Amino acid sequence: MTDEQNYDMKSSSSNNNSIMKKTNNAKKKKKKCINNRHYRRQRRCSSTRTLSISGLAVLFLHAQLHTASGNINFPVPSVPNPLQLLFENTNCLINKVGSECVQYCNNIRRSSGIYYGIRGDLLDEHISCVSNSRTRSMDVASNPSMQLADTMDDLRRSLDELREELRQMREFQRQVLGADVDGTGDLLRDNPAVKAKRRREQFDKVAKTVEVWAERLLFEEGEEEGWVYTPCNKIFKNKFNPSNTIQCFMKWLPDPRGEDADPNDGGTPYPCIKVYATIDASYDKVCHFLADEENLPVYNDLVIQNRDLEDIDSHSKICWGRSPQILFIKPREFVTFCHHRWKRDGTQIVVNQAVDHHSLPPVTKEQNGKVCRAYALRGANFIWRDPNDPSKTKFALLAHANPGGGLPEWAMKSAINALAPIEPYKLFHKIEKGAQKQQVPPPTTFTSSGSGKSGRPGGLSQLGYACFWPQGGGLEDQQLKEENIMQNDNEDIVGEHDDHGGGQNMAPVPYSE
């Protein structure tokens with residue numbers, strides 16, 4: 001090989017080495033550049049993932065607060081792709097969640113406040129110290145806790161006003177009603193209005209008890225229970241009971257008033273009579289005749305003086321009456337509670353019971369010319385239209401009396417045996433004759449007041465008492481609803497029996513004399 005050829009080979013080899021070296025350097029540069037770009041991409045992705053995790057953590061905190069408080073409402077922001085916007089939204093979200101957290105915690109802290117009045121230590125001190133109204137308005141608008149504090153202040157003021165109104169109401173009760181109010185809000189027992197109400201309720205209960213007692217004796221008991229038929233005296237029969245429309249029965253019974261009975265009488269029996277009559281006069285005429293006080297002397301010889309002692313209610317009162325001397329029994333005075341009402345079928349019911357009254361202390365013994373006290377222990381009157389003849393009236397009377405004065409039993413029996421065959425028959429004979437002459441006012445007089453009280457005049461006079469309600473006022477049964485009427489058709493109601501309103505079995509079968 002020549003020198004020229006060797007030189008060419010060396011030159012070619014050197015060129016190749018230089019090219020290879022440049023190529024290798026270019027590859028290394030390219031690789032390093034690629035590595036640098038990959039590194040930067042990895043860092044960017046890593047940062048993005050880190051921020052996304054932070055955003056998700058904030059969203060998770062928002063969801064927990066929303067579930068716990070139930071009243072935090074704001075839109076949930078989504079994580080944007082641009083990095084700068086993500087930072088801004090994250091900042092905004094954190095600030096808003098922080099504000100809602102503060103409000104929620106304040107709500108929890110203040111929810112333990114007392115019902116009546118708000119403790120001042122539950123309110124933020126800085127709120128009460130703000131003096132500038134404009135600054136306070138701006139602060140309240142931007143601070144939910146201050147809004148809540150203002151609401152609580154308003155509530156406290158309202159409660160204070162309510163407490164003042166209650167105080168004024170108590171003062172009004174002291175001045176007008178003359179009584180105080182206890183801790184439970186009830187009027188004290190010395191209040192006159194409360195005492196009057198309780199007295200009315202007590203006597204209404206007495207009236208109901210007497211009515212039930214009278215119904216049992218009049219319409220459920222007969223001769224099997226010891227009632228003895230007392231026919232009219234033969235001398236007066238043709239005058240007083242020519243058609244046998246009046247029947248009288250008698251039985252001796254102890255004082256039935258229970259706790260109100262005299263505890264010292266030892267269960268002594270007293271005469272009790274019941275009378276059933278069919279009066280040949282219309283129902284309206286009979287009721288108006290009996291309700292007119294001027295007609296009292298026309299039919300009742302056993303009451304010569306009478307007056308009202310106390311009006312308990314519009315349908316009840318306490319009456320005083322005086323009877324003449326009857327045979328060997330000297331004049332007597334009676335103090336009697338009377339009550340009247342109207343059933344929905346038109347039946348008038350008047351009941352009575354002997355009572356004491358503070359204005360008239362009783363005289364129990366016949367001495368120094370004083371009138372002795374007798375007792376119309378219990379009694380009842382039932383008046384209704386004759387179901388078989390509308391032009392006639394049915395009447396049932398029950399009277400139980402103690403003549404008083406310490407009369408021995410033989411004296412009482414002697415007087416009753418002489419009077420029972422005459423006085424009941426004479427009473428109903430006179431009622432019939434007087435009612436036949438009675439003029440009845442127009443039907444408009446019978447209209448109801450609409451308040452459960454009738455406008456019809458009522459009342460009458462019987463053994464030892466006289467009670468009248470010329471302007472009405474008697475309790476009136478309200479019309480039952482249609483479904484209740486069907487339900488109660490075959491049931492006994494207090495004060496109601498089938499034979500009252502027109503049954504044929506109300507009185508025993510007439511005796512033939």
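Quick note: residue numbers are just sequence positions, from 1. Everything numeric here is computed off the predicted structure, so don't read it as measured data.
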Residues in ring pair (Phe, Tyr, Trp, His ring centres under 6.0 Å) contact with Phe240, at least two apart in sequence or another chain | Phe236, His429
Listed partners of Tyr465 passing ring pair (Phe, Tyr, Trp, His ring centres under 6.0 Å), at least two apart | none
What is the ring orientation for [X] with [Y], classed by angle as parallel under 30°, tilted 30 to 60°, or perpendicular over 60°?
X      : Y      : result
Trp342 : Tyr283 : perpendicular
Phe203 : Phe337 : tilted
Tyr299 : Phe289 : tilted

Of all residues at least two apart in sequence or in a different chain, which pass the salt bridge (Lys or Arg N to Asp or Glu O under 4.0 Å) check with [X]?
X      : value
Arg322 : none
Asp255 : Arg257
Lys430 : Asp301
Asp311 : none

Neighbour count >12 (heavy atoms, 6.0 Å) for atom [atom1], [X]:
X      : atom1 : answer
Ile235 : CD1   : no
Glu225 : CD    : yes
Lys251 : NZ    : yes
Gln471 : CD    : no

With side chains defined as the heavy atoms from C-beta onward, is the minimum distance between Trp252 and Cys272 less than 4.5 Å?
->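 They are not in contact (no side-chain heavy atoms under 4.5 Å apart), so the answer is no.
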Are side-chain heavy atoms of Cys319 and Cys338 found at a separation under 4.5 Å?
-> yes
Just how far is it from atom [atom1] of [X] to atom [atom2] of [Y], taken to the nearest 0.5 Å?
X      : Y      : atom1 : atom2 : value
Arg156 : Glu161 : CZ    : CD    : 13.0 Å
Leu159 : Glu164 : CG    : CD    : 13.5 Å
Leu309 : Lys317 : CG    : NZ    : 10.5 Å

Pairing donors with acceptors under 3.5 angstrom, does anything connect the side chains of [X] and [Y]?
X      : Y      : answer
Lys392 : Thr278 : no
Ser461 : Asn300 : yes
Asn381 : Gln348 : no
Ser282 : Asp284 : no

Verify whether the ring centers belonging to Phe334 and Tyr375 lie closer than 6.0 Å.
->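 Between Tyr375 and Phe334, which both carry aromatic rings, the centre distance is not below 6.0 Å.
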Salt bridge check, [Y] against [X]: does any charged N sit closer than 4.0 Å to a carboxylate O?
X      : Y      : result
Asp160 : Arg157 : no
Lys413 : Glu409 : yes
Glu221 : Arg216 : yes
Lys208 : Glu211 : no

Only one of Asn352, Leu398, Val206, Thr209 passes side-chain contact (heavy atoms from CB on, under 4.5 Å) with Arg378; say which it is.
->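 Exactly one candidate clears the test, Thr209.
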